[in-house]
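Structure first, commentary second.
Since the model is a prediction, treat every value here as computed from it, not as a measurement. All chains are named by letter (A, B, ...) in the order of the sequence lines, taking the proteins before the strands, and each is independently numbered beginning at 1.
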2 protein chains.
Amino acid sequence: MQFEVLLSLLLCVFLALMDSTVRDVARRANVSISTVSRVLNNSAPVSEDKKRRVLKAIKELQFTPNPAARSLLGQATGTIGAILPHITGEFFADLLSGLDGAIKKHDYLLMVSASRRLERDFITALRGMYKRVDGLIIMAPELSAERVLTLIDSTVPVVFLNTHSATDGMFSINFDNRDGMVKIARHVADRGHTLAAFIGGPSDAFDAQERQQGFLETVPDGLRVICYPGDFTFESGYKNGQKILSLFPRPTVIVAANDLSALGAMRALLENGVSVPGEMAVTGFDGTRGAHFSTPSLTTVNVPIGELAANAVRVLVSQLSEESMETPPEITADLELIVRESSLKQYHPDSHAVV
Amino acid sequence: MQFEVLLSLLLCVFLALMDSTVRDVARRANVSISTVSRVLNNSAPVSEDKKRRVLKAIKELQFTPNPAARSLLGQATGTIGAILPHITGEFFADLLSGLDGAIKKHDYLLMVSASRRLERDFITALRGMYKRVDGLIIMAPELSAERVLTLIDSTVPVVFLNTHSATDGMFSINFDNRDGMVKIARHVADRGHTLAAFIGGPSDAFDAQERQQGFLETVPDGLRVICYPGDFTFESGYKNGQKILSLFPRPTVIVAANDLSALGAMRALLENGVSVPGEMAVTGFDGTRGAHFSTPSLTTVNVPIGELAANAVRVLVSQLSEESMETPPEITADLELIVRESSLKQYHPDSHAVV
DNA sequence: GAATTGTGAGCGCTCACAATT
DNA sequence: GAATTGTGAGCGCTCACAATT
């Protein structure tokens, strides 16, 4: 008796070593391969007895259906593709992490590629994912949704994330970049600043443009703004921070288009012995944890990244399962201003003249 | 003439709208499908004339081979899978970014999943990637390479990254966690500290264990160490930092098992008006940019993440292309100590007694 | 005749072999 | 006979239909 158990165990191990197919399962369960398929997909009733035998055989053989064969038929690959400008950096890492979590919940797998903001890389990624994914989540602030769609030859469902689109009826998840900066502008004005430096993002990125416009259009007449081009990196914030320090009269606040460049600017100030917010205030945008954790902590606008990622996945998956969309295809999230240490001090209209 | 051009253009657009197959290409080029396959794979000589016709037809139809059909045959999917503990956090984001870049260079695609350090999620990810990837890059410091291999039923090539393995002959890319901490320990001892607090990582993670052991085993008799359990997060560093502040006598240095928890501890100190490194020094581990950019900048041990990622991909790809491995399968990178502001001050044996 | 089963074609490709030049 | 081409089988599955109970 013991010997038999051992033998069957050994057999199992041996059988499991080689990849088995529906054929093997069918043979072992003594049924036809279509019965195996029926059990696998629950696509038609199967007698209790056969079902049990099939399930047993599947287990013994450690059978897993070959996804390639499946997708050759029904085209479903069980995979969702994401193309983002970058993977690194807190914003994108959190976005990707959110996508991963949400995609897991819907039993999909995640294929990922960074375009590095290069159209060439973007196209390569797109072509690579052709027929390998059931749907795409695309963030391309430097392109437009329309431009992206001309690059896609087949008819995969696409959900856009933080990507400009002029046309209606696109599935896109956005957040109000402009309004976020409007809130920063009001906050800065309230603090009594009269001269500000603005560190922008990449000039071809629509989110960077919207942020800059939102700020410049809201700022009152009494607040002069000097703009510096940047690229959303820590380094660009750092270098611009150094430049700003050499200005005379010196601005009393640096408004950066994102957290990372704000932290870079702040580092430049602290390194040069300029106290924040004592001598100069700093604000960011994105609501990253880096902004929360810095000393002093950074005033910013919170972008609910996890929520956006979950929404994007939800919209895409419901498209894939051909459910009718209840929610409108275009979702724009509101952003919340988070005031922290870096902009706490109240300035007075005259204070900076004395610096 | 103009009309003809327009017509053929329209035809092209029309044809490209539906996914075309080798069959369509063959028909259009007036050759057999195997000739198309030969052109596609360059697997046998084809006459110049036919080759030209095939390439023209491919272009006109915007034909892309269906990867599912291909992988059903030769099993190559052109995809590499990566399973990491997390996706978020600078260390993992940089790792992922490095993998993405290296994988792109070898013309593969990247499939990714976070195990969240849960064996259940790990297995789900593994099963999901079955037959969808040609090879796997796995980081699972909380498991061992041997344990992981028992979970994999098929025979995919695997390269381990920062994962413990007792057996020889594994393909694994590691870095010397122990030696890195030895360097930190020597540095701290050199600075004249006599009482240190150590903030550890997850107790089940082998890298966390090695770091802690490396530190404790190197520290000289004159330096007492109080250990605090942690989990590599900013929050665990922050909370432990607060606890450490209430100690009497107070340690003069906090050695954290990674940068993120070091930054958390530093934040706790600064928030409570304790100057770093004036009253207390802090050190990290990983060499993240967050450690570079903080104020004060953080002494740490640099882990060459991008290099490790590139190595992992290189080793895996050479396994896949069945080239004989010239390099030994096990690579362990040395780590460099980077001394920064957070641990600059020289303490004297007696100084802390006076606190 | 209704419930359950099996047979055979085919998804889009590649590869061995046979048939052409 | 050597170079180039085409034919047909089959990878592992699912689905329509026919055949069984």
*Angle between terminal axes - the helix from C:dA2-D:dT21 to C:dT21-D:dA2, 5 pairs each end, rounded to 10°*: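 About 50° separates the two local helix axes.
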
*asked:* My understanding is that only residues two or more places apart in sequence, or in another chain, count here; which of them pass salt bridge (Lys or Arg N to Asp or Glu O under 4.0 Å) with B:Asp94?
replied: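 For B:Asp94, no residue satisfies salt bridge (Lys or Arg N to Asp or Glu O under 4.0 Å) once neighbours in sequence are set aside.
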
_Counterpart residues, side-chain hydrogen bond (donor to acceptor under 3.5 Å, both in side chains), relative to B:Arg147 (two or more places apart)_ =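 If we apply the side-chain hydrogen bond (donor to acceptor under 3.5 Å, both in side chains) test to B:Arg147, skipping adjacent residues, the hits are B:Glu119, B:Thr150.
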
*B:Asn30: what forms a side-chain hydrogen bond (donor to acceptor under 3.5 Å, both in side chains) with it, not counting sequence neighbours?*
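Result, side-chain hydrogen bond (donor to acceptor under 3.5 Å, both in side chains) vs B:Asn30: none returned.
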
*Does the side chain of B:Ser37 pick up a donor-acceptor pair with the side chain of B:Ser34 at under 3.5 Å?*
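Side chains of B:Ser37 and B:Ser34: no pair found under 3.5 Å.
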
*Answer yes if the side chains of A:Arg314 and A:Ser318 hold a donor-acceptor pair under 3.5 Å, and no otherwise.*
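Not at all, the side chains of A:Arg314 and A:Ser318 share no donor-acceptor pair under 3.5 Å.
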
*In chain order, what residues pass the side chain to side chain contact (heavy atoms under 4.5 Å, CB included) check against A:Thr124, with sequence neighbours excluded?*
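Scan of A:Thr124 (side chain to side chain contact (heavy atoms under 4.5 Å, CB included), adjacent residues dropped) gives none.
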
*asked:* Side chain of B:Ser47, heavy atoms from C-beta onward: which of C:dC11, D:dT5, C:dT5 has the nearest atom to it?
replied: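 Nearest listed nucleotide: D:dT5.
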
*Quick one: do A:Lys105 and A:Val313 satisfy side chain to side chain contact (heavy atoms under 4.5 Å, CB included)? Show the steps, please.*
CA-CA 10 Å; A:Lys105 273 193 197 113; A:Val313 173; over 6 Å; no

_Under 4.0 Å protein heavy-atom contact, by nucleotide of nucleotides 13-21 of chain C - B base, S sugar-phosphate only_ = BBB------

*Sub-3.5 Å donor-acceptor pair from the side chain of A:Asp134 to the main-chain atoms of A:Gly78, do we have one?*
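Yes, because the side chain of A:Asp134 sits within donor-acceptor range (under 3.5 Å) of the backbone of A:Gly78.
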
How close or far is atom [atom2] of [N] from atom [atom1] of [X], stated in whole angstroms?
X	N	atom1	atom2	result
B:Leu61	C:dG12	CG	C1'	15 Å
A:Glu48	C:dA3	CD	P	16 Å
A:Asn30	C:dT5	CG	P	12 Å

*So, is B:Lys50 near the phosphate of D:dA3, with a side-chain N or O under 4.0 Å from OP1 or OP2?*
no

